[in-house]
S.K.: 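Handing you a structure now.
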2 protein chains.
Amino acid sequence: MLPARLHPGGVEAASPGAEAQPLLRRLGRLATLSPAEQAMIAELGRGPLRELPARAEIHPEGVCPPPAALLSGWACRIRMLADGRRQIVAFLLPGDLIGRPPPCLPAPCAALALTRVLLADAQPLFAAGFVHHPPVQTGLGRALRAAELQEEILLRDQVVRLGRQTAYERLASLLLELRQRLEMAGLAQPGRFALPLTQEVLADALGLSVVHINRTVQQMRRDRLIELRGGQVIILQPEALQSVADWQDIPGLRD
Amino acid sequence: MLPARLHPGGVEAASPGAEAQPLLRRLGRLATLSPAEQAMIAELGRGPLRELPARAEIHPEGVCPPPAALLSGWACRIRMLADGRRQIVAFLLPGDLIGRPPPCLPAPCAALALTRVLLADAQPLFAAGFVHHPPVQTGLGRALRAAELQEEILLRDQVVRLGRQTAYERLASLLLELRQRLEMAGLAQPGRFALPLTQEVLADALGLSVVHINRTVQQMRRDRLIELRGGQVIILQPEALQSVADWQDIPGLRD
DNA sequence: CGGTGGTCTTAACATAGGTTGTTGCCGACC
DNA sequence: GGTCGGCAACAACCTATGTTAAGACCACCG
């Protein structure tokens, strides 16, 4: 609704369109984009944006949400059971896409802001990449398609974590996933990144209790694999962490 | 490789093209197909088929498998950890699609036949529905797209199961999922269907040990929710099972 | 300043589910 | 008809993780 320049707080928008940087970076890594496509993506950052505070619902469960791009802040897809148990299905990071172009089935989970978030309407992107041309034909189409496929891969990783890994392994694996994703969006220094998540959120993502997350974090600190304070993670021993987590890199796509 | 008519065993191929029935049924439920599209699908059953015995690998981990349609038999997507732990990520039922049209990222999990399976080359389908036209434009495109979206929904259900449900709830939920999917492919009588899975396979899917699967099955039998013998399940109390599992139907798409 | 609420931390105890090992059934194969 | 392998069933014991509860720290706010 409001133009971008009315949101001075938080986003350090030095150059115009800077809000779209992570999205541009990520999609640009997935396929070669034409200058026109790059411009279209950068334009999103100048278009009408939706700003939401932490804890706000981006879209509820059971609807078919319109395509949006997460420009800044963290969010998640979450599902709740009847008795209140919560499972975070996926984390959404700057540069990620929420919602699908039609035809679209009702989403089985809600999307929730974990921090203050800035959302842009991604309808034009999907229209250009998915609807007007077959996705294979354009760089943008291939990039959007690859983003979808990556999301599916992350979902499968999550299944393996929850199904067959111990608490310690799950935490290691999640941290490595977030690190790589943030790097792909240009938001992490090597070995160090911001993690604006409470232990309760981690618990809901990893299928554990808060108490046990705490135990596990303590242990990982004592083992000198990570440091975690004030919303910042430092990965002290990447190789050790990778071997604990049985980690394999998230594949990309270059045309 | 071999033409369909050289596979007399197992498939009761009364009319020609009968092998493609489940696929036709399922895609036809997802979108309205033109007669030409229906013919193209039926044609798959007459084209060169790939037959594999139980336990055979359909495709390994880490490759980009060509699109195939599972015409008969059960299979699964599975991922293995370095130390041999296995997690079944998804079950593949007759009428399901394996592999993706390019652009495609290396699959993070292998596909494994759980029974004898019959596979057809699905490249023509994806070419027509995805590559030559944008998926929205044709009925086939919409159906293929909906099938993909359904698969993603199943994956999210699986995450919730493994993350937040008890063994008993997981089993209930999986049985309901399989029931609905088999019904959508026209392969289940109401309240009763074939389940050609060993308890070990169930364990690998539900993130449990074989022993505990056995305990859980016994309990569910004692509670008179299901019968399970000789590869057949009878759901005795569907509503009770649904309330245990916190079940919601898998959404479909009708144009 | 002193509440108030959110988050992290720790401890004690409870339990769902894992592990190991044995038995019995049944169909396949010689 | 015997033997063998795969599978289901069951028991005894063990452990990872959940639950409940309470204190410490910190940010915010009146």
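Naming: A, B, ... by sequence-line order, numbering from 1 per chain.
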S.K.: Atom CG in B:L119, atom CG in B:L44: separation rounded to 0.5 Å?
M.R.: 11.5 Å

S.K.: Are B:P60 and B:E57 close enough that some pair of their side-chain heavy atoms sits under 4.5 Å apart?
M.R.: yes

S.K.: Using a 4.5 Å cut-off on heavy atoms from C-beta on, say whether the side chain of B:R179 contacts that of B:P238.
M.R.: yes

S.K.: For the pair A:R26 and A:Q150, evaluate side chain to side chain donor-acceptor pair (under 3.5 Å) and give the outcome as yes or no after the intermediate values.
M.R.: CA-CA 11 Å; A:R26 189 162 119 75; A:Q150 272 195 350; 2.8 Å; yes

S.K.: May I ask you to test the A:W247-A:E239 pair for a side-chain heavy-atom distance under 4.5 Å?
M.R.: no

S.K.: Any donor-acceptor pair under 3.5 Å linking the side-chain atoms of B:R222 with those of B:Q219?
M.R.: yes

S.K.: Quick one, which residues of residues 161-174 of chain A touch DNA chain D with a heavy atom under 4.0 Å?
M.R.: A:T166, A:A167

S.K.: Check each of A:M220, A:R215, A:R221 against A:V217 using the side-chain contact (heavy atoms from CB on, under 4.5 Å) test, and report the only one that passes.
M.R.: A:R221

S.K.: Under a criterion of less than 4.0 angstrom to any heavy atom of chain B, what are the 5'-terminal and 3'-terminal contacting nucleotides of DNA chain D?
M.R.: D:dC7 to D:dA12

S.K.: Pull out every residue in residues 80-92 of chain B that has a heavy atom closer than 4.0 Å to any atom of DNA chain C, ordered by number, or say none.
M.R.: none

S.K.: Walk along DNA chain C from 5' to 3' and tell me the first and last nucleotide with an atom closer than 4.0 Å to a non-hydrogen atom of chain B.
M.R.: C:dG17 to C:dT20

S.K.: Using only atom types and a distance under 3.5 Å, with no angle test, would you say the side chain of B:R79 pairs donor to acceptor with the backbone of B:A110?
M.R.: no

S.K.: Would a distance-only check, ignoring hydrogens and angles, find a side-chain to backbone donor-acceptor pair under 3.5 Å from B:D96 to B:L70?
M.R.: no

S.K.: Answer whether the closest heavy-atom distance between the side chains of A:R192 and A:Q232 falls below 4.5 Å.
M.R.: yes

S.K.: Using C1' atoms of five pairs at each end, report the bend of the helix from C:dC1-D:dG30 to C:dC30-D:dG1 rounded to 10 degrees.
M.R.: 30°

S.K.: So do the side chains of B:R181 and B:F91 get within less than 4.5 Å of each other, counting heavy atoms only?
M.R.: yes

S.K.: Please tell me if the side chains of B:R85 and B:M80 come closer than 4.5 Å, counting only heavy atoms from C-beta onward.
M.R.: no

S.K.: Does a side-chain heavy-atom distance below 4.5 Å link B:W74 with B:L93?
M.R.: yes

S.K.: Counting N and O atoms only, with roles assigned by atom type, does the side chain of B:Q158 sit under 3.5 Å from a partner on the main chain of B:I88, one being a donor and the other an acceptor?
M.R.: yes

S.K.: Without swapping roles, check the side chain of B:R86 against the backbone of B:D204 for a donor-acceptor pair under 3.5 Å.
M.R.: no

S.K.: A:R161 versus A:E169: any side-chain heavy-atom pair under 4.5 Å?
M.R.: no

S.K.: Looking at DNA chain C, which of residues 203-219 of chain A put a heavy atom within less than 4.0 Å of it?
M.R.: A:V211, A:N214, A:R215, A:Q218

S.K.: Say you draw a straight line from CD of B:E183 to CG of B:D249; how long is it, rounded to the nearest 0.5 Å?
M.R.: 9.0 Å

